[in-house]
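Accompanying notes for the structure given below.
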2 protein chains.
Amino acid sequence: MATYDPRRYEPIAVTVDVVALTIRVLESVPTLHVLLVRRGQPPFAGRWALPGGFVRPTVGPDGTRHDEDLAAAAVRELAEETGLAASTDQRAADRRLDRVYLEQLATYGAPGRDPRMRVISVAYLAFAPDLPDPTAGGDAAAAAWMPVRTTGTGDGAPAIREVGGLGGTPTVDRGRMAFDHARILDDALERASSKLEYTPLATTFVAPEFTVTELREVYEAVWGRPLHAPNFHRKVLSVPGFVEDTGETTARGGARGGRRARLYRSGDARFLHPALLRLGQEDTR
Amino acid sequence: MATYDPRRYEPIAVTVDVVALTIRVLESVPTLHVLLVRRGQPPFAGRWALPGGFVRPTVGPDGTRHDEDLAAAAVRELAEETGLAASTDQRAADRRLDRVYLEQLATYGAPGRDPRMRVISVAYLAFAPDLPDPTAGGDAAAAAWMPVRTTGTGDGAPAIREVGGLGGTPTVDRGRMAFDHARILDDALERASSKLEYTPLATTFVAPEFTVTELREVYEAVWGRPLHAPNFHRKVLSVPGFVEDTGETTARGGARGGRRARLYRSGDARFLHPALLRLGQEDTR
DNA sequence: TTAATAGTGTCTCTCAGACAGTATAAA
DNA sequence: TTTATACTGTCTGAGAGACACTATTAA
């Protein structure tokens, strides 16, 4: 690594973008949604984009420089552009991000991906329980949870349907997203699917106490295909440390009848052994 | 995403670091090695570090700016600091990097990770067939393939032994590596182990034509534990598209006797179904 | 009482791993 | 001929998936 010489190396801007995913019920179907903002400024004004922005070195009250961690920048951007408060904000308990799981996805640095200048973007992936509708902030003209994927029929047809194809619901055309954000979103969806296989992170999409059915709906929404309910049930309970029985049940059964479901909370496992593999799709080659 | 205003945002330097892994025979044991350079300049002068350097926007012969892709920067740093020529260099066929597999690992941007300034480093992971010893270039005082992990005994003891504990071989102390490179190396080893499970990338560590035993030695070196040879053999041949029979065999058997081994080449699968899971270690929780 | 929802029993098939044994080649 | 190395046969147990079934509750 050579010594840094500003005469040789032009500055490169660094941004952070966040792919925040949640499950929301759409037309009675639990559906995977992604948080998007409509850009108010060029480039790509009017287009939908992932929430994000420049990473900034900041100066504290005492004058010392206090550089921002990349993950912290991701949380800040989520908060700024959507009105969802970060965990440090005590006044907005209802809009909190403190139960959001965040992990780094990848870094995108192809020349020309931002028409203004060389920009390298570190993308983060976030899993959130159902949060309120966001309110646009910062430079965003709008912000919304947008559906991204249907559960599919399980008949072998591609389970992913482009957003934009769902009923009368306002959706976004993946082909018209700003920058290379459609690519980032695709990578995020693949990472999310994969994470559900070998980690218990599906629980980050649901309330602290949840039923096995709710957990299955998370898998179905993210994987985009229906699962065999009885086998899923047995599987979840058999994986050590995945879920923990609370001893409680739901207050009542389904709307049109049905047994009350047992309530579970997240167990202490950080990885699932054996994993919940999504087979039957195969041929990803 | 806000408009970029240099008065608000100080420049952040972007570097690329490469964790290049290969298998070399050490004391008769195929052993995982990582390519390291000894730093010639402060900070961390004299310490071992991953090869890497600043990403630079460059200006072409015609005056047009020609920004460098992040992956391209990784290959360039590998070449510059180690004397291993990139694939475009036709004159150094013996030292080529054109069979090297490269993928992005993660980005490290904690404040203070470089004492000079705010530096965000995009780390890449490379798998290489046995390459020649590198020659130090750029600002490196030395460059070498260093052993990182032993095959272990399979008796349940931790299979990872700190580099530095191997015989009379020159090795490096992971605790004394420059920057946060020990952490990056750990992340790389975990990613590499995981990649061998569900992709055929083990073949990138061996020659274009290889035996099943050679392939097993890759798995053993990366996973740090011995595998059951007969079952491994059957498993590899049963996974569709993993390897392809050449019809040839090795020219002769083992040094002290033994059957000639059949030669295979890499198949067309990009993922392994079913995967070669490393079980028996469990409890990564 | 019916229908919906939650949950269990059990069978089959695949696959990982263990172990025993065969095939072939070098010294 | 001995020993090393490559490879095959076969058994066992775990787990995924299919299907049939029981349990419980709302309307």
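Note on naming: letters A, B, ... go to the chains in the order of the sequence lines (proteins, then strands), and numbering restarts at 1 for each one.
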(message) Walk me through whether B:Leu189 and B:Leu32 qualify under side-chain contact (heavy atoms from CB on, under 4.5 Å).
(response) CA-CA 10 Å; B:Leu189 295 177; B:Leu32 186 66; 3.6 Å; yes
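For a distance-only test at 3.5 Å, the side chain of A:Arg260 fails to qualify as a donor-acceptor partner of the base of C:dG7. Scanning atom types as modelled, no donor and acceptor separated by under 3.5 angstrom connect the side chain of B:Arg259 and the base of C:dA25. On a pure distance criterion of 3.5 Å, no polar donor-acceptor pair joins the side chain of A:Arg256 and the base of C:dA4. With hydrogens and angles ignored, no donor-acceptor pair under 3.5 angstrom links the side chain of A:Arg234 to the base of D:dG15.
In this structure, the nucleotide among D:dT8, D:dA6, C:dA16 sitting nearest to the side chain of B:Lys235 is C:dA16. Which of C:dT8, D:dT8, D:dC7 sits closest to the side chain of A:Pro230 comes down to C:dT8. In the set D:dA6, D:dA18, C:dA18, C:dA18 carries the atom at the smallest distance from any side-chain atom of B:His228. Of all nucleotides listed (C:dG7, D:dT8, C:dA27), D:dT8 comes nearest to the side chain of B:His233.
Counting non-hydrogen atoms under 4.0 angstrom, A:Ala251 reaches nothing in the nucleic acid.
Not one N or O on the side chain of A:Tyr108 forms a donor-acceptor pair closer than 3.5 Å with the backbone of A:Ala123. The main-chain N or O of B:Thr211 is never found under 3.5 Å from a side-chain atom of B:Thr213 such that the two would form a donor-acceptor pair.
Residue A:Leu237 contributes atom CG, which lies 13 Å from atom P of D:dA16 at whole-angstrom precision. When rounded to the nearest whole Å, the span between CZ of A:Arg262 and P of C:dT8 equals 7 Å. One atom, CZ of A:Arg278, and another, P of D:dG17, lie 13 Å apart when rounded to the nearest Å. For the pair B:Phe232 CZ and D:dT8 C1', the interatomic distance rounds to 17 Å; values are reported in whole Å. Note: OH (B:Tyr219) to P (C:dA16) measures 12 Å, nearest angstrom. Atom pair A:Tyr264:OH and C:dA6:P shows a separation of 12 Å (rounding to whole Å applied). Taking atom CG on B:Leu277 and atom C1' on D:dA14, their separation rounds to 13 Å, with Å as the unit. Residue B:His273 contributes atom NE2, which lies 16 Å from atom P of D:dA16 at whole-angstrom precision.
Salt-bridge formation is detected for the pair B:Arg278/B:Glu190: a Lys NZ or Arg NE/NH1/NH2 atom is positioned less than 4.0 Å from an Asp or Glu carboxylate oxygen.
The two residues A:Leu227 and A:Phe232 have their closest heavy-atom pair at CD1-CD1, 3.8 Å.
Nearest-nucleotide positions on DNA chain D for A:Asn231 and A:Ala255 put A:Asn231 closer to the 5' end. Mapped onto DNA chain D by nearest heavy atom, B:Gly253 and A:Ser238 fall at different nucleotides, with B:Gly253 at the one closer to the 5' end.
For the pair A:Arg252 and D:dA27, the criterion of a side-chain N or O lying under 4.0 Å from OP1 or OP2 is met.
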